[in-house]
Structure formats: structure tokens, C-alpha cells
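Since the structure comes first, as C-alpha cells, the remarks are kept for the end.
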Protein chains: 2
Amino acid sequence: MNAESGDTVARGQAWEKLWALVKDIRTGMMTTVDGQSLRSRPMTGHAAPKEGEIWFFTRSSSHKAGEIEASREVNVAYADPKLQSFVSVSGRARLVYDRVKVDELWNPFVSAWFPEGKDDPDLALLCIDVEQAEYWDGPASKMIQLWRL
Amino acid sequence: MNAESGDTVARGQAWEKLWALVKDIRTGMMTTVDGQSLRSRPMTGHAAPKEGEIWFFTRSSSHKAGEIEASREVNVAYADPKLQSFVSVSGRARLVYDRVKVDELWNPFVSAWFPEGKDDPDLALLCIDVEQAEYWDGPASKMIQLWRL
Ligand SMILES: Cc1cc2nc3c(=O)[nH]c(=O)nc-3n(C[C@H](O)[C@H](O)[C@H](O)COP(=O)(O)O)c2cc1C
């Protein structure tokens, strides 16, 4: 994502703020295109700000995996209504099968969802390449808009 | 929406639960199709369970109004990460200009967004006809799926 290469300090700070919100809120609602309609579901993932990616574990047999094959554009919305913090992340999703990455991201939360462990044949990683994002933060809730360079 | 005509009591109860979550969480993230990408933004609206509708005030000059003209399918995601409650509402959006409805839904929160008041020429209502919904509630977070009859 390269906040470092931003044209202004303000831009770098805005990306930092965005990633901090994503990490704090942690569970986002991922929207996919399902034929005619848009569907969303909660997803708890791993933010990789430097790469501009968000990673999730999922099942390759899941409905959303099929939806992504058909249409890669997704949105992940993070909301904390109490704090009035809201984030919209637009990006392209892909399924990844990579044992090294599985080892890197594996955690107790994931093992609860995958009792068969890392060798579960249905285990997949879902990576979102962030292309554009917006956030609204605090009582004033001014929108800040960001694009990937 | 007609929870009353549900085939089982459980189904009616599920719709009731869904609408209770929508009302409690109050601010949802509405995702629209914006050309190639999916974008979302926070929206605080008014739930009308009996009609199966969610109503918002908006500006007819806004970006989202244009997006809806091009593609009516939207998703509104409600999330309360603290309570582990999540709702996905899929539906079709339309802009409505109806002074009677404006009078009915007008409130102090809205007047803060529209200082010119009800006669602001840019004032519009955005109505979502709910077609399908899902929710995840509580620590077990089992998914409950609902379709409009
Ligand atoms: C708090 C929470 C976190 C979740 N995190 C994930 C996740 O990281 N990956 C995943 O595949 N499903 C996750 N789920 C389950 C999904 O929301 C969804 O129910 C399931 O994946 C099936 O979705 P689909 O039919 O749209 O594919 C989570 C559910 C909850 C309640």
C-alpha cells in the first residue's frame, strides 16, 4: 500500500488511521456480488498494511468462494457505531493456497473454525488487494477518501 | 415483509429478531456498485418492518444517488462487533420524492444534515425494498437466513 510513498504527510497519516481502524474493529462485513444481489457476511481477518492487503481464512467450498470466482470486486465495511467510526474498503479478492502463509496467519481463533487443522482440504486463504478506501471517524465524521497509488 | 405470513412461528420470530437488530444498531453500511468497484458508506435510517422497507434521507445530487440509478441492487450491513451481532440486508433501492413521507420521517437528526429544511430542493428519500436478509447473533453466531415471501 505504501503509505510512505504518499504525496503528502497527511496522506500517509490518513492511511495509518485507516489501518488502525481496520485493526481495532477487526470484524468487517464483506460484500460480494451474488448473481443479481449483493450479500455481506462478517469476516475476521488479518490486516497487512504494508502490502495493502487483508487476509482471511475461509472454506473453498463456501458460497462466497464461488461468488468471488464469478466477480472479484468486493467491499469490506468496518463499523463501530458506539465510537462513530466507519471504514469502507474496496478491493479485488482472490483465493490463495499457500502453506507458508497459512503457517504465518494461523491462530487459535482460526483453529476453532477449522478443527481438522491446517491440513483440512477445504481450507483456503482469501486475500483482498485494497484499491480504494474511505473512512469516517469521530463525532464530526468527515469523510476521508484514499486511493492506492 | 409480512412476517405474519411466515410458514412457521420460528420464521416470524426470526424476522422480528432481524428488525430488532436493525433498529438497535441503527447505522448501517450501505454498499452500492460504483462502476467496477463496490463502495459502502454509513447510513442512519428508519426501519419499516411491516412494509419490509428501510428509509433514508439523502441528497439527489449525491454520488450514491447516481450509483443507484445505474444499479439498484444494494446491501446494508449492520454490525455491532462488541455484541457480536451482524446483519446483512439485500434489496433494491429507489429514490422517492414524497412530501407526506418526508413529514412522517423528519427528525432533529435529519434537520442537522439539511439546514435548509424540508424544502431543500436537493432533499430526497432513498427507500430500500428488502429482498433477502441474514443475521448472526450472539457468541455462537449461527447464521439465520431469510427470504421475502
Ligand atoms: C464474528 C464472525 C467472524 C467470521 N469470520 C469468518 C472468516 O474469517 N472467514 C469465513 O470464511 N467465515 C467467517 N465467518 C462466517 C461467515 O460470516 C459466514 O457465515 C460463512 O463464512 C458462510 O458465508 P457464505 O455462505 O457467504 O460463504 C465469521 C462469522 C462471524 C460471526
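Lettering of chains follows the sequences in order, A, B, ..., and the numbering in each one begins at 1.
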Are B/Pro81 and A/Arg26 side-chain neighbours, meaning at least one heavy-atom pair lies under 4.5 Å? no

Presence of salt bridge, A/Glu134 and B/Arg39, under 4.0 angstrom: yes

Correct closest heavy-atom pair for B/Ser37 and A/Gln132 would be OG-OE1, 4.3 Å

Could you tell me which non-hydrogen atom of B/Met29 sits nearest to which non-hydrogen atom of A/Tyr78, and how far apart they are? CE-O, 4.5 Å

Flag yes if B/Leu83 and B/Leu21 sit in one hydrophobic cluster, no otherwise; membership is Ile, Leu, Val, Met, Phe, Trp, Tyr, and two members link when side-chain heavy atoms are under 4.5 Å apart. no

For a 4.5 angstrom cut-off between non-hydrogen side-chain atoms, does B/Phe86 reach A/Arg41? no

Which value, rounded to the nearest 0.5 Å, describes the distance between B/Gln36 atom CD and A/Arg92 atom CZ? 7.5 Å

Do B/Leu38 and A/Ser90 make a side-chain contact, defined as non-hydrogen atoms from C-beta onward lying under 4.5 Å apart? no

Below 4.5 Å, heavy atoms only, C-beta onward: do B/Asp80 and A/Lys82 meet side chain to side chain? yes

Is A/Val100 reachable from A/Phe114 through a run of I, L, V, M, F, W or Y residues, each pair having side-chain heavy atoms under 4.5 Å apart? no

Honestly curious: do A/Val130 and B/Val33 fall in one hydrophobic cluster under the side-chain, below-4.5 Å linking rule? no

